[in-house]
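Structure record follows, encoded as structure tokens.
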Amino acid sequence: MAQPRVLILRAPGANCDLETEFAFAQAGGRPQRLHVNRLLESPTLLDEFQVLCVPGGFSYGDDVAAGRILANQLRRHLSDCLQRFKADGKLILGICNGFQVLLKSGVLLPLQDDGAVPATLAWNDSGRFEDRWVPLTVSSNQSVFFQGIDSMYLPVAHAEGKFVPANASGLAKLVANQQVVLRYGTHPPNDMPTAMSASVAYPDNPNGSLADIAGVCDETGRVCGLMPHPERHVDPTHHPQWTRRTPQKTGDGMRVFQNAIGYFA
Amino acid sequence: MLWEVDIYPAAGQLNRAASDVRSAAATLGIHDDLPVLAAHGYLVQGDLDQQQLDRMVRELLVDNVVERAVVAPIGDPRLVDPALAHSSARDDASDWQAVHVLPKPGVMDPVAQSALAAMADLDLQADAVRTLRKYWFAALPDDTLRLLAAKVLANDAIEQVVVGPLAFDQLELGAPYEFELIRVPIRALDDDALTRLSREGQLYLSLAEMRTIQEHFRQLKRDPTDVELETVAQTWSEHCSHKTLAGRIAYQGPDGARQFDNMLKETIFAATGKIRAALGPDDWCVSVFADNAGIVRFDEQNNVVFKVETHNHPSALEPYGGANTGIGGVIRDPLGTGLGAKPIANTDVFCFAPPDTPESEVPPGALHPRRVMQGVVAGVRDYGNRMGIPTVNGAIYFDPRYLGNPLVYCGNVGLILHDKSFKEPVAGDHIVAIGGRTGRDGIHGATFSSAELTHQSESLSGGAVQIGNAITEKMLLDVVLEARDRGLYHAITDCGAGGFSSAVGEMGEHIGAEVWLERAPLKYDGLSYTEIWISEAQERMVLSVGPDQWEAFSALCQAEGVEATIIGKFVPTGRLKLKYAEQEVADLTMSFLHDGRPPVVREATYAPPPVVDIAWSETAGANLGEALRVILGSLNVASKHWVIRQYDHEVQGGSVVKPLVGANNDGPSDAAVLRPVLSSRRGIVVACGMNPAYGDFDTHHMATSAIDEAVRNCVAVGADPTRIAILDNFCWGNTDRPQTLGSLVRAAIACHDLAVELGTPFISGKDSLNNEFSYRDAEDRARSISIPPSLLISALGQIDDVGRAVTMDLKQAGNSLYLVGTTHDEMGGSHFAQIRGLAGGRVPQVNGPQARKTFAAVHSAIAAGLVRACHDLSEGGLAVAVAEMAFAGGLAASVDVAEIPNTVDDGTHRDAVLLFSESNTRFVCEVAPESAAEFEKHLAGVAHARIGSVTDDGQLVLASGKRVLATQSCDELKAAWQAPLNWS
């Protein structure tokens, strides 16, 4: 098959689009950055791509709430073509602000009938933006993006990343369906959370996410969102301790992009 | 209809805004455990019903998982019903009182702007939106409430406080402007009246300058219009023309008597000229002191550009907005350099009074330094992070003399292709304004920043305070870079201080320009032609767009939602003509504007205080382990992780050496390294140097120490010392005093001399004078606090292969520690002297030729891969450097001071001097045993010695031969270092 095409969705305030483009290109994909205005004008443009990535940043300044305004645009104007995209077996990845957008638009987890979100990404318990590296455990093999990965060391950089399910049954459903795919801290394999609380302490759980959840996927495993930044750990010199370690070939995050591109091989 | 939406945390969620108020109230001693609730919200004006509001709240404004809302029209009792504010029923609910904080009319409210657009996208069309914050307090006395409002809840410069229900029924939208041409009858004024006009009109021009303007218009046989006068005042302001330092100065100092026609040109610029001449064909400077930022060569395709600005006075009045627009402004400098550089890194350096200053010592009209610091950090954070530019380097200095006049230095590095590094506006081009709209914000910023701060500045210059909108600037940035790559304009510059006046005036200086002011897009109605012309509203740039380029340019801007408007035309007349709706409001010659200013002639004298020996007491040189712990825990040395982690230092994906390094990502890096081109291994290095404490001894040595520190920080991580460019930022007190100006000239001469000796060119710079705070004390006596002379040197280095970069954390027990450089008895201004209360001593000096050799040797050893860790010696000297290296690496070390190359006299306090002297040009290098011989070869000819080794028993052991001077637990040292600024 030809190189998979990756649409990296730009919006006012998106700011991780270039390095995300670079990571997808390194992984063998054919990425293209596209402004959301182009997609709103011609939603069918989406059909030409195999992967949609909503990158990190501050879409519309994160004004009102992180990711909310772009999420509303997707929900109100692009939901048909996004549904088709999903139904066609294609991949959608949201990183950081992209995770916030996918969650609040209902692209990742279906909204309730009155439009309410089943889970949100709330303000960090620390009350402020923080940039720090965290250990991560891949807690289910449900997601296409984390196949073959057990753990990763990646940076987070956000103010609103505390994953909060609307209720305990919502969490139980995500767990039962293997949709909790990435957790902060080091966990034994198949250790699935049941309690509506964090088990890993700050700073390894950097925001107080319930059940230490750092990333979730949809029921198919093809739509996924995560708060940490895999595109910021594709080069060995990205690792904050690279001067102390034996030389590596790539960074932990590279596999995420390779998995996405490899899915279409 | 005007609706209010109050948003509270849902039951069971933290009320963080309330906790913040509670802890601030406790810190200020207002209340130990203040009962408070907090909400944020919106005022929404428009023809909307309850059902529509409910949908707006559900789909846009409120997160159903963690928030709940109270929605009602203004005036409805529900909005001030305490029972609804509390998430659970309580008995005393009826005692609670609501307090609202709103942005004053005209103050930027970016969230409201975004919300308005997002509402329209939901088919809920509102006319206007404003954000608000709301607090509830249980039965507080009025004076406590007033104190809280002033010190914690709101800043009077930009916000208004309303206690009880909001009473107004609509949001102010501005009133239409009716044109009226205003002339200022200047020809008839006497000297007193001219002086008064300058002050009361906030022109801040000298009498000589006012007379020159008067004479000019007498010759023209007419009076100037108000906008003509404002234009001249801005162009001639200290901020825009640097008339003091670029002026005539008669100097008398330890360097002898010197007559300068243009002081900066003959010192700082001249050094660069000599260095470039010496480099000949290898000259790697591209554009210096010419454009909005300096440009140097980076690789075969790209150049790098660098600029550092200050935003001191606005940050004193409104720390968040001041710092916010400081970083926003300096980002537009590289973006407005050449045809537009891509911003790739931010650097931020602050000077504050100690955050634990007692509230009673804060003079009237000044904000508490802790509040200033929190606001400044938040301002830089919110703007830099939203722009997607990593903040990679910085420093914070504390001194009581920054009370009332903090310093906020913001810098930006950019990347630009060789063939995009120059610009040329063309006669016949459209003058195009893009980005944010023009409002009343920032009126008189340029002239205000050139004046002294007083306790009245807040009310007098409130208009100079601005709030930024980072996303407007990010959209502007995206569009400019795209248009640049497609060749859609001839020239670009930023709209900074002086607004359109400066931008158009500078760009059209050699052509001539005609501007149609009524065409500028406005935030709201009611601006006069003068306000439009001099407004310093943020996020705007001015471009010279050819008629053949306009269509494509305009279409691109539209596609990205960026407003672009033709506001005039460059015409080959040599004149600046302004019109408002076909009426001419100004007609000035470019030559009068740019060359008509009378030369400023100033006296400058300098005599450093005499050098006196430190009067060592019995105990002053004892207990060295304790001294080390105290210095590590002093504010200037202590860890700045609370600040650093709030900045995104990794966005753009090129991070190589981060600000925090080591086994636990928490050691203090000397400099940042990043790869601006992701497909390349070539890196840039960003660092800085500054030490205001040395200026009290001799500003010459303060300046050379700052340069040495900036360069050695770069070298310590692997930068090539022959490719380091530096910037100067002089922040000084009132230079009308010959002694104050003399101390600056002394520093500038030192900058020249050392730059030439090191071969390190200055490529750009900026000064900020009159940094003094005047007030009346409790006895109504006039008081003034002048900042210490504060020269920041910022350095931009380069590294061939980032894989050769080194960090400062110790790597492996058993490795050797080398000290490179000579230690002198230079305890003057040192941290040791400060904590032990020792006056006098010699301040650290720099031996230029020796420094150059040392930098070259250390670099060659690093480039050869022989150095496992390297740390520069600065505040706290050797002891602090080794301690930091040890705890950053999760290791320990053993050091023998008897081995240190030194010129220190034998005496009782020799050990203290060897450990804590702050002599320049020194490094500690960690070297593996197998590399030692090779390392020593690279260091041949430079003072160096093996002074100890890396250990792993958790104890830092400092000894002199067999005599142990101190044994300290590395964990405890680290805890002491992290404690002071470990804010929650």
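Note: hydrogens, waters and symmetry copies are ignored here, and every other heavy atom, side chains too, is used. So you know, we letter chains A, B, ... as the sequences are listed, proteins then strands, and number each from 1.
Shown here for A/Y153 and B/N665, the closest heavy-atom pair between the two residues is OH-ND2, 2.9 Å.
Side chains of A/D125 and B/R16 form a contact here, defined as non-hydrogen atoms less than 4.5 Å apart. Contact check for A/R232 versus B/V651: side-chain heavy atoms found under the 4.5 Å cut-off.
Considering only heavy-atom pairs separated by less than 4.5 Å from chain B, the leading option among A/Q112, A/R75, A/Q73 is A/R75. The residue among A/Q241, A/E19, A/R244 with the most heavy atom pairs within less than 4.5 Å of chain B is A/R244. Here A/R10 is the residue among A/K162, A/H233, A/R10 with the most heavy-atom pairs under 4.5 Å with chain B. Note on A/Q26, A/R38, A/H229: by heavy-atom pairs under 4.5 Å with chain B, the leading option is A/R38.
A donor-acceptor pair shorter than 3.5 Å cannot be found between the side chains of B/Q13 and A/W123.
The salt bridge (Lys or Arg N to Asp or Glu O under 4.0 Å) analysis of residues 96-123 of chain A, with sequence neighbours excluded, yields no pairs. Listed by first and then second residue, the salt bridge (Lys or Arg N to Asp or Glu O under 4.0 Å) pairs involving residues 200-213 of chain A are A/R183-A/D212 (not counting sequence neighbours).
For A/A65, no part lies near chain B; criterion is any non-hydrogen pair under 4.5 Å. For B/L810, the part sitting under 4.5 Å from any heavy atom of chain A is the backbone (N, CA, C, O) and nothing else.
Side chain of A/N15 to backbone of B/M387: no donor-acceptor contact under 3.5 angstrom is found. Looking at B/R645, its side chain never comes within 3.5 Å of a backbone N or O of A/E130 through a donor-acceptor pair. In this structure a side-chain-to-backbone donor-acceptor pair under 3.5 Å is missing from B/D648 to A/A157. A donor-acceptor pair under 3.5 Å is formed between the side chain of B/K658 and the backbone N or O of A/H238.
Interface with chain A: from residues 58-67 of chain B, residues B/R58, B/E59, B/L60, B/L61, B/V62, B/D63, B/N64, B/V65, B/V66 qualify, criterion being any non-hydrogen pair under 4.5 Å.
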Extract all donor-acceptor atom pairs below 3.5 Å that involve side chains of residues 672-680 of chain B and protein atoms in other chains or at least two apart in sequence.
from   : atom 1 : to     : atom 2 : distance (Å)
B/R675 : NH1    : B/L678 : O      : 2.8
B/S680 : OG     : B/R682 : N      : 3.0

